[in-house]
Structure formats: C-alpha cells, structure tokens
Amino acid sequence: MHEFFYKYLKLFLTIYHLINFEPISMDSNASLHQLFFLEKSSTNLIPEKFIWPKEENHNITSHEELNEPIVDLEGFFNGDKDTTRRTTELIRSACLSHGLFQVINHGVNLKLINSVHDHVKDFFKLPIDEKLRVQRVPGSFWGYSFAHADRFTLNLPWKETLSCCFHENGHDSEAAGFFKSAFGEECEHTGLIFKEYCKAMTKLSLTIIEILEMSLGVDNSYFKEIFKDGSSIMRCNFYPPCQEPGLALGTGPHCDPTALTILHQDQVGGLQVLSDGKWKSVRPRHGALVVNLGDTLEALSNGVYKSCPHRAIVNKSMERISLVFFFCPSEDKVIVPPENLVTTERPRLYPDFKWSDFLQFTQKYYRVDVSTLLNFTKWLINHHHHQTT
Ligand SMILES: C=C1C[C@]23C[C@H]1CC[C@H]2[C@]1(C)CCC[C@@](C)(C(=O)O)[C@H]1[C@@H]3C(=O)O
Ligand SMILES: O=C(O)CCC(=O)C(=O)O
Ligand SMILES: [Fe+2]
C-alpha cells in the first residue's frame with residue numbers, strides 16, 4: 001500500500017512537471033505539506049496557502065516569555081486551607097489578566113501522558129494513505145485532518161491533527177472501537193489509552209472548575225452543573241518542521257471557544273500567548289500541564305475572567321506534538337453567568353446561548369479566531385432580530 005502510494009505520487013509529480021516545465025525533484029526531505037500543495041509560491045519555499053498575513057506572523061523570533069503562575073495543586077488536594085487560599089488567588093490573578101497558567105502535582109500519571117505521546121507519534125509516522133483512512137469527515141470530531149485543507153483554503157495551519165470525543169457516560173469502548181476498526185485489533189490498546197487520558201483530564205478539569213468557582217465566589221457547583229454529562233474533545237497536534245517558520249503558523253491566533261483547555265506540550269516549545277499586545281512564549285516544563293480558559297468560561301463569568309488569545313509557531317528543524325483536551329459543557333445547558341457576577345456596574349456582556357449552538361457556529365459559519373465570541377454574540381443578536389421581525 002505504502003509503495004503503491006509513492007509510485008502514484010511520483011507519477012503525479014512527473015505529470016505536474018511536464019505541464020509546468022519546471023525542474024522538480026522528489027526530494028526525500030520535502031515535507032508532505034510541500035508535496036501536497038504544489039502551487040508554488042514565486043518567492044518562498046512553502047506554498048502560498050500556508051503563508052499568514054504579516055501582522056499574524058511577525059515577531060516570531062522574539063523570545064519574551066509569559067510570566068504565568070506555576071500552580072502546585074498538592075495543597076489543594078490535601079485540603080490545606082492556607083495553601084488552597086493562595087492557590088485560588090494565584091489562579092484568579094492569571095484569569096483576570098490573560099487566562100493561562102500551568103499546574104504541577106496535578107494528579108495525572110506522567111507515565112500515562114508519555115504513553116499517549118508515544119502512541120500519537122507512532123500514528124503520525126504512519127504513511128499518509130493509512131492516516132487518510134481515518135480522515136475526519138466534516139461535522140465530526142473523530143479522525144485525522146491534514147492542514148484542515150478540506151475546510152479552509154487560505155492561511156492553512158502547518159499541522160496534522162488526530163481528534164476524538166469523550167463522554168463520561170459514553171460507550172465504554174468508543175475510542176477503542178474507532179482505532180480497532182481503523183487499524184485493526186492491535187490498535188484497540190491505543191484507543192483504551194486515549195480513553196484513560198480523557199478520563200484523567202475530565203477529573204482534573206472538574207477540580208479546576210471547583211477552584212474557579214471558589215475564586216469567583218460562585219455558589220458551589222453552579223459551574224459544575226453545567227458540565228454534567230458533557231462531551232469533550234481531545235485533539236493531538238503534530239507540527240512537522242517547516243522551512244519558513246517565519247511565514248507559516250502551526251495554529252493561527254485564536255481563543256478556544258470551549259470552556260477550559262488542558263494542554264501538554266513536548267520540550268520543543270511553540271505555544272504563545274498574546275499579552276499586553278505582544279506574543280509571549282509559554283515555556284515547556286517537564287510534567288506540567290498548561291491550563292487556559294476559553295470563550296465559554298469568559299461568558300460564564302460575565303467577562304470577569306478572560307479567554308486566552310494564543311497560537312502555535314513552527315520550528316525549522318524539529319517536529320512538535322501537543323495533546324489538547326477541550327473541556328465542554330453539556331450541549332443543551334444554557335450558558336448564563338451566576339447572579340453574583342451580574343451587577344449594575346457590570347451588566348450582562350453576552351446573551352444566553354447553548355454550547356451546541358456555539359459549537360455549530362464554529363464548524364459551519366465561522367473560522368475560529370481571537371474574536372469568535374464577539375462575532376457569535378453579534379450573529380445571535382442578528383439572528384434573533386430576524387426571527388422576531
Ligand atoms: C470547538 C472547537 C473548534 C476547534 C476545535 C475545538 C476547540 C478549539 C478549536 C480550534 C482548535 C482553535 C484553532 C483553530 C482550529 C480551526 C484548529 O486549528 O483546529 C479550531 C478547531 C476547529 O474549528 O476545528
Ligand atoms: O499546539 C499548541 O501548543 C496549541 C494548540 C491549540 O491552541 C489548539 O489546538 O487549540
Ligand atoms: Fe487553542
């Protein structure tokens with residue numbers, strides 16, 4: 001199968017060459033991104049579709065680091081009052097400014113994290129034709145996607161992704177079944193590991209939600225209720241090396257539309273946050289997990305806490321993997337901030353909405369960026385206006 005594919009690709013390249021009268025070599029170092037999008041840029045080494053506007057990709061060489069808190073959760077888990085108060089304060093200050101912090105002693109087994117990384121790496125090393133067998137179909141969150149080329153035509157991200165969904169009370173073997181049916185019996189194990197990882201992430205997400213409730217003085221469990229029975233998204237990003245790291249982006253600037261994101265990055269680094277008008281790097285730390293707030297949490301807190309604007313840059317020589325867990329509310333719960341966060345000085349910032357509608361907006365009508373929530377709000381108001389007139 002593998003050989004057949006490359007023969008086919010070579011044939012395709014030859015035909016392309018004949019049509020274009022251009023010297024083209026089957027360079028074994030050329031990345032798949034290069035080979036798949038043969039529209040050549042006249043001046044650059046990468047295809048035009050991967051080149052982002054100047055204002056998005058500037059400052060790539062700046063090495064300023066974000067000064068986010070590194071929060072140790074051990075004291076909280078042990079029920080230590082003083083430490084818990086300090087933890088809550090630390091998280092509050094990060095959420096008031098840019099919405100990102102890291103956690104250590106988070107209770108997630110480091111062996112499990114490494115094991116997911118190994119499986120993910122093996123998956124992305126498979127020949128492209130095998131990966132395409134589990135290609136994500138539009139509207140679904142299951143499967144493989146290559147530069148999102150099936151969804152977008154411009155500003156393509158320099159990455160491949162593998163995604164799945166996770167529902168606490170879902171079918172026991174959903175992920176296991178997906179891998180087994182796609183790659184055969186021996187891959188059932190990969191699915192089980194994914195499932196275990198998502199379970200651990202859900203547990204940690206609920207812990208963090210509890211701390212966020214305390215930090216906002218919200219009645220215990222108001223937020224928690226909204227997440228009961230929700231279906232979350234797990235996404236693995238693979239960023240191949242890129243000859244023009246200053247022109248491309250691995251993941252473009254955006255805020256996650258979801259509520260809470262727990263991210264594990266390898267030691268290569270590339271995650272950046274927009275803070276005080278500058279892109280700052282989030283330094284990879286062994287064993288730590290990066291937590292950031294998404295738009296749904298900003299709406300839930302009536303704008304008190306900030307959804308974190310971030311992106312991922314690419315690297316000239318190293319590949320990079322990040323494991324991202326997007327914690328989502330239950331589909332039909334209405335996102336309304338609790339009473340104590342709505343006052344005359346701070347009126348409602350966002351209208352009521354259901355997570356299912358917001359998710360649909362991001363998949364059908366809008367490409368997620370740093371202004372998704374604002375534009376969704378406008379869309380909702382417009383939509384409502386049309387329905388009532
Ligand atoms: C609801 C979602 C849309 C995206 C996947 C989940 C959570 C985050 C979103 C995303 C990852 C943010 C960056 C841009 C995006 C297009 C991507 O690079 O994958 C986003 C996802 C998407 O629309 O599929
Ligand atoms: O890979 C990263 O570090 C960031 C990925 C990201 O922001 C996302 O998948 O939403
Ligand atoms: Fe993100």
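Note: hydrogens, waters and symmetry copies are ignored here, and every other heavy atom, side chains too, is used. Numbering of ligands and ligand atoms starts at 1, following listing order. Count residues from 1 along the sequence.
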Run I262 and L323 through side chain to side chain contact (heavy atoms under 4.5 Å, CB included) and show every step you take. CA-CA 8 Å; I262 304 184; L323 310 174; over 6 Å; no
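When only non-hydrogen protein atoms are considered, atom 4 (C) of ligand 1 lies nearest to R235 NH1, 4.4 Å. Of the protein's non-hydrogen atoms, P257 CD, 4.1 Å is the one closest to atom 9 (C) of ligand 1. Among protein heavy atoms, atom 1 (C) of ligand 1 sits closest to L359 CD1, 3.4 Å.
A donor atom on one side chain and an acceptor atom on the other are not found under 3.5 Å apart for Y239 and N315. Between the side chains of E298 and Y305, no donor-acceptor pair is found at a separation under 3.5 Å. Between K306 and S97, the side chains place no donor N or O within less than 3.5 Å of an acceptor N or O (distance only, hydrogens not considered).
Note that R367 lies in the cation-pi zone of F152, set by a 6.0 Å cut-off to the ring centre and a 45° limit from the axis. A cation-pi contact, defined as under 6.0 Å to the ring centre and within 45° of the axis, links R136 to F141.
Near-neighbour remark for the Fe ion (ligand 3): protein N, O or S atoms under 2.8 Å are H254 NE2, D256 OD1, H310 NE2; waters not counted.
For ligand 1, the polar-atom distance check against R151 finds a nitrogen or oxygen pair separated by under 3.5 Å. Remark: ligand 1 and Q363 share an N or O pair separated by less than 3.5 Å (distance only, no angle test).
Here the straight-line distance linking atom NZ of K203 with atom SG of C198 works out to 15.0 Å at 0.5 Å rounding. Distance check, rounded to the nearest 0.5 Å: OG1 of T377 to OH of Y350 gives 6.5 Å. Atom NE2 of H119 sits about 4.0 Å away from atom CD1 of I193, to the nearest 0.5 Å.
Around the CG atom of D219, the shell of radius 6.0 Å holds no more than 12 heavy atoms that belong to other residues, nucleotides or ligands.
Ligand 1 places these atoms under 4.0 Å from at least one heavy atom of H254: 12 (C), 13 (C). Those atoms of ligand 1 with a heavy atom of F326 less than 4.0 angstrom away are 7 (C), 8 (C). Below 4.0 Å from some heavy atom of K159 lie the following atoms of ligand 1, by number and element: 17 (C), 18 (O), 19 (O).
In this structure, P157 and G250 approach most closely via the heavy-atom pair CB-O, 3.1 Å.
Contacts of H148 with ligand 1, taken as heavy-atom pairs under 4.0 Å, involve the side chain alone. The proximity of T161 to ligand 1, defined as any non-hydrogen pair under 4.0 Å, does not occur for either the backbone or the side chain.
Within 4.0 Å of ligand 2, contacts by protein heavy atoms are made from N237, Y239, H254, D256, L263, L271, H310, A312, R320, S322, V324, F326.
Exactly one residue among R311, H148, K159 makes a side-chain hydrogen bond (donor to acceptor under 3.5 Å, both in side chains) with T251. That residue is K159.
Within the structure, the ring pair (Phe, Tyr, Trp, His ring centres under 6.0 Å) test picks out the following pairs touching residues 247-277 (sequence neighbours left out): H117-H264, H254-H310.
Scored by the side-chain contact (heavy atoms from CB on, under 4.5 Å) test, K228 finds E225, K333 as partners (sequence neighbours excluded).
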